[in-house]
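What follows is a single structure, written as C-alpha cells, with notes after it.
Hydrogens, waters and symmetry mates are skipped; everything else that's a heavy atom, side chains included, is used. Naming: A, B, ... by sequence-line order, numbering from 1 per chain.
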Amino acid sequence: AQSVTQLDSQVPVFEEAPVELRCNYSSSVSVYLFWYVQYPNQGLQLLLKYLSGSTLVESINGFEAEFNKSQTSFHLRKPSVHISDTAEYFCAVSANQAGTALIFGKGTTLSVSS
Amino acid sequence: NAGVTQTPKFQVLKTGQSMTLQCAQDMNHEYMSWYRQDPGMGLRLIHYSVGAGITDQGEVPNGYNVSRSTTEDFPLRLLSAAPSQTSVYFCASSPQGGGPYGYTFGSGTRLTVV
C-alpha cells in the first residue's frame, strides 16, 4: 500500500518570497507522483506530475517539484509566490499497477500575503 | 467533452434520509472512484471501481454503497445519512487507475447533514 505525508499543514509567506511545500511518500512498488491544487471553493486541478525520466518537473505557472527516490520525497517549490497562489496543495501517489487508487496527503494550505 | 460530471452541487439532508450522489464520465474510463474531503484530512477514498460490475472498498466505506452498471456512471448512495457524513464529495475517473494516466476530477458535491 502507498501513503503520503505532507509535513506542513499551513505555510504562510509574503508575496515574492520563495516557498517549499514538503511531501514524503511510502510505497513497496514503483510509483507516480502528483501535486494537485485547490483554489478556494473550487475543485482539484493537476499542477504537475512525475512519471519517469528527469527528476525535476515543472508546471506552467512557475512551480517545480523534484523526485528524490532515496529520500522518498517530492517537494514542491516556487522561487517567488504571488497572492494568487493562495490555495490548498495536495501531494498524491499512484502505484505503477493498473486498478490502484490515487492516495492523497492531508494537504498544505499556502497563504500568501502582501 | 464534459469530463466528469457530478450532481447535485449542493445538498442538505436530514439525519436518517437517504440520497444518491451522481457521477458520470464521457471519456470511456474504466476506473472511477469516490473521495470525501474534510478539513485537515485531505481526500479519503470511499469506494472505487475498475470496470462495469466491479467495485471495491476504500479507506472509509462505512455508510456508503456503490454500484457500476455501466462504464459511464458510478453513483454513491448514502443509506441513512448521519452528521458525520457532512463533507465535500469528489468523483474521479482514470483510464485504468494507477499508472501514469492521471485522474480527472468532478467539481464536487457539498453535502450537509443536519
Side-chain angles (χ1 to χ4, degrees), chain A residues 1-11 21 23-25 27-54 57 59 67 74 87-109, chain B residues 2-7 9-10 23 25 29-61 66 68 74 87-110:
Chain A
Q2 293 73 47
S3 66
V4 177
T5 302
Q6 292 185 242
L7 298 167
D8 307 290
S9 60
Q10 298 189 7
V11 175
L21 308 184
C23 172
N24 288 345
Y25 71 92
S27 177
S28 58
V29 300
S30 62
V31 296
Y32 300 105
L33 294 156
F34 305 83
W35 275 98
Y36 284 83
V37 59
Q38 185 179 36
Y39 297 103
N41 298 313
Q42 294 190 25
L44 287 152
Q45 300 176 29
L46 179 64
L47 187 60
L48 47 77
K49 58 185 178 183
Y50 171 77
L51 304 180
S52 63
S54 172
V57 292
S59 72
F67 171 59
F74 191 54
E88 190 158 20
Y89 293 79
F90 293 97
C91 182
V93 62
S94 171
N96 185 11
Q97 293 174 340
T100 57
L102 186 64
I103 304 300
F104 285 88
K106 293 185 176 182
T108 298
T109 300
Chain B
V4 177
T5 302
Q6 289 185 238
T7 55
K9 293 189 181 300
F10 302 93
C23 176
Q25 51 92 8
H29 285 173
E30 290 295 323
Y31 181 93
M32 296 184 75
S33 55
W34 277 102
Y35 293 88
R36 60 176 289 172
Q37 182 182 17
D38 303 292
M41 300 298 293
L43 280 82
R44 293 180 291 171
L45 185 66
I46 304 172
H47 285 285
Y48 65 97
S49 168
V50 298
I54 306 169
T55 64
D56 207 346
Q57 296 180 351
E59 179 185 358
V60 289
V66 292
R68 184 96 179 269
F74 190 44
S87 187
V88 181
Y89 292 84
F90 288 99
C91 179
S93 75
S94 173
Q96 64 175 44
Y101 304 105
Y103 297 73
T104 302
F105 283 84
S107 58
T109 296
R110 186 175 295 272

Query raised in the report: Of the listed residues (B:Phe105, B:Tyr48, B:Tyr103), which shares the most heavy-atom pairs with chain A below a 4.5 Å separation?
Result: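 So the answer, after comparing B:Phe105, B:Tyr48, B:Tyr103, is B:Tyr103.
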
Which atoms of [X] approach chain A - backbone, side chain, both or neither, heavy atom under 4.5 Å:
X        : answer
B:Glu59  : neither
B:Arg110 : side chain
B:Leu45  : side chain

Side chain, backbone, both or neither: which part of [X] has a non-hydrogen atom closer than 4.5 Å to chain B?
X       : result
A:Ala95 : backbone
A:Gln38 : side chain
A:Leu46 : neither
A:Tyr50 : neither
A:Glu88 : side chain

Query - B:Tyr35 side chain near A:Leu44 side chain, heavy-atom distance below 4.5 Å - result: no

Query raised in the report: Taking atom CD1 of A:Ile103 and atom CZ of B:Arg44, what is their separation to the nearest 0.5 Å?
Result: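 These two atoms lie 12.5 Å from each other.
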
Report summary line: Here the pair of heavy atoms bringing B:Gln37 nearest to A:Phe90 is NE2-CZ, 3.3 Å

